[in-house]
Amino acid sequence: MTARRFSGDRLVLASHNAGKVREIKLLLAPLGIKVLAAGDLGLDEPEETGTSFIANAELKALAAAKASDLPALSDDSGLVVHGLLGAPGIYSARWAGPEKDFGHAMNLIAEKLDGADSTAHFICALSLAWPDGHRESVEGRIDGHLCFPPRGTRGFGYDPIFVPDGYDLSFGEMDPDHKAAINHRADAFRQMLERCFDRSA
Ligand SMILES: O=P(O)(O)OP(=O)(O)OP(=O)(O)OC[C@H]1O[C@@H](n2cnc3c(O)ncnc32)[C@H](O)[C@@H]1O
Ligand SMILES: [Mg+2]
């Protein structure tokens, strides 16, 4: 089956995470599409009941597309720590608790890891859904290792403990535009551009 292509001039960005919204808006900017953030439209945050990044991305995109009657792009992402058998993975947001305390979540990782394999990767699933229920989804990845204590204050979420392969700086120390251009989200976005948009990276 060939992928459905996006042919409109407006898109809902189905994420309530300001850090992600900033990065995705940067990636979408060259396309000249009007981007409406879910928060600005007052859309609810659906419960993330899926058992994979793709499943959660699809349920978020579908909920926003149905509620807005517009195509919607969502992101489900997380940090996969090899010495923790993949945790926190799809539970990355939940490890920070309702207060979104990533200091606590990063401490928890250090504690549980206790010297085990600190290699890790970030995953980003992007899903584009239409109001009729059709969706196109892709998954991007970036590999690296964890650093403790956390370093840098420029990013969001787990950025201060992640050092991507080939760099000495953590994502928390790196220039945010540079991070946005090389990370798991950018990898997924390149695939999404090729699949669904009339422009490739
Ligand atoms: O579901 P939405 O509304 O998009 O926002 P969220 O913050 O709940 O996002 P997720 O459910 O996808 O949870 C992923 C968590 O993984 C973390 N994460 C994802 N991408 C990241 C990145 O580029 N840098 C640092 N942490 C990241 C981030 O803290 C997120 O809270
Ligand atoms: Mg979420």
Side-chain angles (χ1 to χ4, degrees), residues 12-27 35-65 67 72-81 84 86-109 120-129 137 139-147 150-164 167 169-189:
V12 174
L13 187 43
S15 172
H16 290 79
N17 177 316
K20 286 184 187 181
V21 168
R22 184 186 171 279
E23 290 189 2
I24 297 170
K25 279 187 168 170
L26 268 180
L27 294 164
V35 179
L36 310 159
D40 297 339
L41 296 178
L43 301 184
D44 287 342
E45 279 187 68
E47 213 190 320
E48 297 178 24
T49 53
T51 55
S52 67
F53 291 107
I54 294 267
N56 280 332
E58 292 195 340
L59 70 82
K60 288 188 269 191
L62 267 176
L73 180 69
S74 70
D75 167 313
D76 197 66
S77 41
L79 180 65
V80 177
V81 180
L84 297 181
I90 61 168
Y91 303 106
S92 293
R94 277 162 269 188
W95 274 37
E99 311 287 308
K100 301 191 195 304
D101 183 351
F102 285 94
H104 168 74
M106 291 187 287
N107 279 336
L108 212 57
I109 291 178
H121 60 272
F122 270 116
I123 292 283
C124 171
L126 290 178
S127 182
L128 177 61
S137 304
E139 195 170 275
R141 169 175 175 148
I142 187 165
D143 280 88
H145 68 272
L146 303 183
C147 63
R151 298 195 327 235
T153 54
R154 304 183 77 178
F156 65 93
Y158 296 95
D159 281 341
I161 57 169
F162 187 82
V163 179
Y167 294 85
L169 296 179
S170 76
F171 271 166
E173 296 171 312
M174 200 177 273
D175 171 67
D177 288 3
H178 185 64
K179 180 216 160 190
I182 64 164
N183 67 8
H184 48 311
R185 195 157 286 113
D187 181 33
F189 196 77

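Counting starts at 1 for both ligands and their atoms, in listed order.
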Verify whether the ring centers belonging to Tyr167 and His178 lie closer than 6.0 Å. yes

Starting from the C-alpha separation in whole Å, work towards a yes-or-no answer on side chain to side chain contact (heavy atoms under 4.5 Å, CB included) for Arg22 and Asp177. CA-CA 10 Å; Arg22 184 186 171 279; Asp177 288 3; 2.7 Å; yes

Name the closest protein heavy atom to atom 23 (O) of ligand 1, giving the residue it belongs to and the distance to 0.1 Å. Lys179 NZ, 2.8 Å

Need the ligand 1 atom indices (1-based, order shown) with element for anything under 4.0 Å from a heavy-atom of His184. 20 (N), 21 (C), 22 (C), 23 (O)

Counting heavy atoms only, which of Leu13, Asn17, Ile142 comes nearest to atom 30 (C) of ligand 1? Asn17

Nearest protein heavy-atom contact for atom 26 (N) of ligand 1: which residue, which atom, what distance? Tyr158 N, 3.1 Å

Can an N, O or S atom be found in Glu48 less than 2.8 Å away from the Mg ion (ligand 2)? yes

Exercise: identify the closest heavy-atom pair between Ala180 and Ala186: O-CB, 3.3 Å

Are Asp175 and Arg154 ion-paired here, with the side-chain N under 4.0 Å from a carboxylate O? yes

List every atom of ligand 1 that sits less than 4.0 Å from any heavy atom of Asp75, numbering the atoms from 1 in the order shown and giving each element. 4 (O), 12 (O)

Decide side chain to side chain contact (heavy atoms under 4.5 Å, CB included) for Phe189 and Asn183; before the verdict, give the C-alpha distance in whole Å, the side-chain angles of both, and the deciding distance to 0.1 Å. CA-CA 10 Å; Phe189 196 77; Asn183 67 8; over 6 Å; no

The closest protein heavy-atom partner of atom 11 (O) of ligand 1 is Glu48 OE1, 2.9 Å

How far is atom 16 (O) of ligand 1 from its nearest protein heavy atom, and which residue and atom is that? Ser92 CB, 3.5 Å

Kindly give the heavy-atom pair with the smallest separation between Thr49 and Asn56, and that separation in Å. N-OD1, 3.5 Å

Does a donor on one side chain and an acceptor on the other come within less than 3.5 Å for Asp75 and Ser77? yes

Heavy atoms, side chains only, cut-off 4.5 Å: are Glu48 and Arg94 in contact? yes

Do Pro150 and Phe102 come within less than 4.5 Å of each other through their side chains, counting heavy atoms only? no

Which protein non-hydrogen atom lies closest to atom 8 (O) of ligand 1, naming both residue and atom, and how far is it? Ala93 CB, 3.8 Å

Return the residue, atom name and 0.1 Å-rounded distance of the protein heavy atom closest to atom 24 (N) of ligand 1. Asp159 OD1, 2.6 Å

Could you tell me which atoms of ligand 1, counted from 1 in the order shown, lie closer than 4.0 angstrom to a heavy atom of Asp76? 10 (P), 11 (O), 12 (O)

Take Tyr158 and Val81 through the side chain to side chain contact (heavy atoms under 4.5 Å, CB included) test and state the conclusion after the steps. CA-CA 11 Å; Tyr158 296 95; Val81 180; over 6 Å; no

Closest to atom 14 (C) of ligand 1 among protein heavy atoms sits Ser77 O, 2.9 Å

Protein contact to atom 20 (N) of ligand 1 [nearest heavy atom, distance to 0.1 Å]: Arg185 NH2, 2.9 Å

Quick one: does Phe102 get within less than 4.0 Å of ligand 1, heavy atoms only? yes

How does Lys60 reach ligand 1, if at all, at less than 4.0 Å between non-hydrogen atoms: by side chain, backbone, both, or neither? side chain

Can Phe122 be said to touch ligand 1, with heavy atoms closer than 4.0 Å? yes

